[in-house]
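Just the heavy atoms: all of them, side chains too, but no hydrogens, waters or symmetry mates, feed the values below. Note on naming: letters A, B, ... go to the chains in the order of the sequence lines (proteins, then strands), and numbering restarts at 1 for each one.
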Number of protein chains: 2
Amino acid sequence: MAPHKNTSPAGRHRDVRPQPTAANGGEPDGEVCRQVLRILALIGDKWSILVIGQLRDQTLRFSELHRAVTGISQRMLTLTLRQLERDGLLTRTVHPSVPPRVDYTLTPLGTTLLDSVVALGEWATTHRQEINNNRRRYDATHPSRTQH
Amino acid sequence: MAPHKNTSPAGRHRDVRPQPTAANGGEPDGEVCRQVLRILALIGDKWSILVIGQLRDQTLRFSELHRAVTGISQRMLTLTLRQLERDGLLTRTVHPSVPPRVDYTLTPLGTTLLDSVVALGEWATTHRQEINNNRRRYDATHPSRTQH
DNA sequence: CGGTATCCAGCCTGATACTG
DNA sequence: CAGTATCAGGCTGGATACCG
């Protein structure tokens with residue numbers, strides 16, 4: 001996202017290319033993982049999922065999304081929508097009226113993605129407590145850095 | 001990741017709290033989405049998935065992971081492993097020998113997560129070409145900013 | 001081998017101000 | 001209403017050096 005371009009630092013999981021370590025046969029990492037990384041590059045940012053989630057079963061206009069997605073700035077909403085539109089996950093429809101009106105709707109592709117993502121959400125729901133317990137135990141067991 | 005602490009900027013999808021817009025009933029965003037965000041906070045960073053993927057069906061020591069995960073720095077490998085260990089996704093076993101030897105293995109929890117994530121990977125594999133086409137079309141159709 | 005501690009470049013995001 | 005443009009600050013992660 002953001003004024004496009006990404007060379008390395010702070011760029012999360014973008015730049016997903018073969019990159020065969022040196023001159024080996026290739027596939028030093030799992031192929032599956034690289035595929036997953038591709039998705040994270042699509043919707044692994046701070047807002048995409050929230051936006052897609054809002055459009056799950058309804059069409060919304062810009063201002064409605066702005067209100068629905070808690071805390072998003074106008075700028076990030078625009079950037080996020082453009083990215084999702086580019087990838088074909090949603091469509092942008094401009095109604096030539098005054099004042100202007102722009103509707104956003106999930107495409108079939110976007111819908112299938114959301115469905116897949118929801119599966120992950122279920123994993124989270126199921127194991128949320130377990131993870132919290134693990135963390136508490138770890139922080140208690142490892143006197144080291146408890147974040148001063 | 002990184003020297004812990006996160007207040008807002010550049011912090012991707014961390015800080016997932018209720019945050020009810022103002023004084024409304026709550027749940028302005030979908031509940032499912034917030035759950036998904038929680039997972040992204042776990043493994044949505046640049047390296048976690050790669051590391052977990054490597055441990056899919058084997059135990060590896062630090063240096064082996066370092067070699068297996070293309071491009072990761074020693075620092076980030078350590079940080080990533082600590083985080084995953086804290087969440088209980090993998091275990092760290094120190095063998096008191098000289099030279100030292102530390103083994104990393106996926107826990108059952110980590111394995112189930114990987115399985116869920118792999119499902120997403122399949123979505124990516126299936127729709128990869130479609131997305132690439134969408135992008136090409138978009139970039140061709142929208143003369144606007146083709147990234148100067 | 002397996003880390004830990006610093007330094008710091010540069011991307012990402014929120015805030016703000018301004019158009020059609 | 002729906003964006004776009006600009007700016008500043010903070011977080012992220014690579015590089016480097018050192019330790020048990």
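Of the candidates D/dA2, D/dG14, C/dT13, the closest approach to any side-chain atom of B/Lys46 belongs to D/dG14. Distance from the side chain of B/Arg92 is smallest for C/dG3 among the nucleotides C/dG3, D/dG14, D/dA2. In the set C/dG2, C/dG14, D/dG3, C/dG14 carries the atom at the smallest distance from any side-chain atom of A/Met76. Set against D/dT6, C/dG3, D/dG14, the side chain of A/Arg75 has D/dT6 as its closest nucleotide.
A/Asp45 places its CG atom 14 Å from the C1' atom of C/dC11, with the value rounded to the nearest Å. As a whole-Å value, the separation of B/Leu50 CG from D/dG13 C1' is 15 Å. In this structure, A/His142 atom NE2 and C/dG3 atom C1' are separated by 15 Å, rounded to whole Å. Distance CG (B/Leu79) to C1' (D/dC11): 13 Å, rounded to an integer number of Å. Rounding to whole angstrom units, CD of residue B/Gln74 and P of C/dA5 are separated by 13 Å. Per the geometry, CD belonging to B/Glu85 stands 9 Å off P belonging to C/dG3, to the nearest Å. The distance from atom CZ of B/Phe62 to atom C1' of C/dG2 is 6 Å, rounded to the nearest whole Å. Atom CG in B/Leu81 sits roughly 14 Å away from atom P in D/dG13 (whole-Å rounding).
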Contacts table for residues 59-66 of chain B: side-chain donor-acceptor under 3.5 angstrom, sequence neighbours left out:
from    : atom 1 : to       : atom 2 : distance (Å)
B/Thr59 : OG1    : B/Thr105 : OG1    : 3.0
B/Glu64 : OE1    : B/Arg61  : N      : 2.8

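Residues that satisfy the salt bridge (Lys or Arg N to Asp or Glu O under 4.0 Å) test with A/Arg135, not counting sequence neighbours, are B/Asp87.
Checked by atom type and distance alone, the side chain of A/Gln35 never pairs as donor or acceptor with a backbone atom of A/Glu31 at under 3.5 Å.
Summary of the strand contacts: A/Pro100 and A/Ile72 both lie near DNA chain C, and taking for each the nucleotide with the nearest heavy atom, the more 5' one is attributed to A/Ile72.
Residue B/Ser63 is in sugar-phosphate contact alone, with no base atom involved, counting any heavy-atom pair closer than 4.0 Å across all strands shown.
Contact detail for B/Leu40 and A/Ile43: the closest heavy-atom pair is CD1-O, 4.2 Å.
Within the 4.0 Å cut-off from OP1 or OP2 of D/dT12, not a single side-chain nitrogen or oxygen of B/Trp47 is found. Distances shorter than 4.0 Å separate none of the side-chain N or O atoms of B/Arg61 from OP1 or OP2 on C/dC1.
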Assess the residue pair A/Asp115 and A/Thr112 against the criterion (side-chain hydrogen bond (donor to acceptor under 3.5 Å, both in side chains)); give the C-alpha distance rounded to whole Å, side-chain angles, the decisive distance to 0.1 Å, and a yes or no. CA-CA 5 Å; A/Asp115 289 341; A/Thr112 64; over 6 Å; no
